[in-house]
Amino acid sequence: MVPLPVSFYERQTSVVARELLGKVIVRRWPGPPATSARARIVEVEAYLGERDAASHARRGPTPRAAIMFGPPGRLYVYLIYGMHHCMNFVAETDGTAGAVLIRAAVPVEAESERDPRALSGPGKLCAAVDITLRHKGLDLTALDSELVVVDDGAPVPRVAAARRVGVEYAGAWARRRLRFYVAGHPAVSRVR
DNA sequence: GTTCCGATGCTT
DNA sequence: AGCATCGGAACG
């Protein structure tokens, strides 16, 4: 299955965020032995450019956040609270900041189970698929990447929106509904 | 059920 | 000093 192309990511961040719901993260370990894991995205957050007071891009292209200003379709990883990694997909055209935080996914092979083990929360998700700072900058659109995103033809889910989690400091931007999730999905954060 | 807290290290 | 988090403890 072919990775989503650069053109998918090169759009408004909130559009990319919504459309990532239902898509499948494919993590490949080259090995040997070569292995892989697949998880369907069920919750994301859009972080916009310099005007977004909750975004790491708010202080401009600092060493950490510069990648948010670069070409779309790249992986932005950061370390939070000294122990958890968070993965983001860079959106918008080169020169404009934007990224989508991936907050929750469900392993594809577990989807049919009665109570599928969810990878809920950005830190837990990153740990589950073994993504760390050394993957920052990875090209999500390259055929041979250790991490790509694919459309497996599953039906487009019904999308709901809510405030982003953990950005209370951001004033009016904290109240924007820039978190998107599969409506009614049990793996989604309980927070409103 | 809720709220609180500590862990741990990078960023500004 | 604060953080785009998590899991466990304390409390009701």
Side-chain angles (χ1 to χ4, degrees), chain A residues 9 11-21 23 25 27 37 39 41-70 72-92 96-107 110 115-138 140 147 149 159-182 185-192:
Chain A
Y9 299 96
R11 297 179 291 167
Q12 286 193 3
T13 307
S14 55
V15 172
V16 175
R18 287 174 163 276
E19 294 200 13
L20 278 170
L21 295 173
K23 301 298 190 294
I25 293 171
R27 174 73 164 102
I41 299 170
V42 297
E43 183 180 21
V44 299
E45 285 176 356
Y47 285 88
L48 313 187
E50 292 176 271
R51 68 186 190 285
D52 180 358
S55 173
H56 289 170
R58 68 187 179 277
R59 300 189 201 282
T62 60
R64 178 176 70 167
I67 189 169
M68 286 183 67
F69 292 78
R74 306 288 266 275
L75 184 66
Y76 169 38
V77 183
Y78 64 87
L79 185 64
I80 187 71
Y81 298 108
M83 61 188 82
H84 303 292
H85 295 275
C86 295
M87 75 164 86
N88 302 252
F89 302 159
V90 176
E92 306 279 352
T96 301
V100 178
L101 172 68
I102 313 301
R103 288 194 60 87
V106 177
D115 197 6
R117 60 200 161 81
L119 313 175
S120 298
K124 282 180 66 175
L125 173 58
C126 265
V129 295
D130 181 31
I131 289 296
T132 63
L133 276 177
R134 74 187 174 81
H135 300 286
K136 183 178 179 181
L138 176 150
L140 295 161
L147 188 73
V149 186
V159 177
R163 294 176 175 194
R164 293 173 291 183
V165 176
V167 297
E168 290 313 304
Y169 61 85
W173 281 92
R175 293 186 282 279
R176 296 279 301 270
R177 292 159 63 86
L178 290 170
R179 177 159 58 101
F180 304 102
Y181 55 94
V182 176
H185 199 286
V188 169
S189 315
R190 307 274 190 248
V191 239
R192 41 155 305 190

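In this text the structure is predicted, and so the values were computed from the model without any measurement. The sequence lines fix the lettering, A, B, ..., with proteins before strands; numbering per chain opens at 1.
- In this structure, the OH atom of A:Y81 is 15 Å from the P atom of B:dT11, given to the nearest Å.
- Look at A:R103 and you'll find a side-chain N or O under 4.0 angstrom from OP1 or OP2 of C:dT5.
- Residues A:L75 and A:I67 approach most closely at O-CD1, 3.3 Å, considering heavy atoms.
- Per the geometry, CD1 belonging to A:I131 stands 21 Å off P belonging to C:dA4, to the nearest Å.
- Remark: A:H56 is in phosphate contact with C:dA4, judged by side-chain N or O atoms under 4.0 Å from OP1 or OP2.
- The nearest whole Å value for the distance from the CZ atom in A:R163 to the P atom in C:dA4 is 17 Å.
- Regarding A:R64, its CZ atom lies at a distance of 12 Å from the P atom of B:dC10, rounded to whole Å.
- Within the 4.5 Å cutoff, no side-chain heavy atoms of A:S55 are placed close to those of A:L48.
- When rounded to the nearest whole Å, the span between CE of A:M87 and P of C:dA4 equals 18 Å.
- Between the OH atom of A:Y181 and the P atom of C:dA4 there is a distance of 21 Å, given to the nearest Å.
- Proximity note for A:T62 (side chain, C-beta onward) versus C:dC6, B:dG9, B:dT12: the nearest is B:dT12.
- Side chain of A:R179 to main chain of A:R163: a donor-acceptor pair is present (N/O by atom type, distance under 3.5 Å, no hydrogens or angles).
- Across all strands, A:L101 comes closer than 4.0 Å to base atoms (heavy-atom distances).
- Positionally, the nearest nucleotide of DNA chain B for A:G82 lies more toward the 5' end than for the other of A:P63 and A:G82.
- Partner A:Y9 forms a side chain to side chain contact (heavy atoms under 4.5 Å, CB included) with one of A:V90, A:L140, A:V100 and no other, that one being A:L140.
- When distances are taken from the side chain of A:Y78 to each of B:dA7, C:dA4, B:dG9, the shortest belongs to C:dA4.
- Along DNA chain B, the nucleotide nearest A:H84 and the nucleotide nearest A:R59 are compared for position; the residue whose nucleotide lies closer to the 5' end is A:H84.
- In this entry the distance linking CG of A:L125 with P of C:dG7 reads 13 Å, nearest Å.
- Rounded to whole angstrom, the span from the NE2 atom of A:H85 across to the P atom of B:dC10 amounts to 10 Å.
- Distance from the side chain of A:M83 is smallest for B:dA7 among the nucleotides C:dG7, C:dT5, B:dA7.
- In this structure the side chain of A:Y47 reaches within 4.5 angstrom of the side chain of A:L101, judged on heavy atoms.
- Base pairing of C:dA4: no nucleotide in any strand meets the Watson-Crick or G-U wobble criterion (both distances under 3.5 Å).
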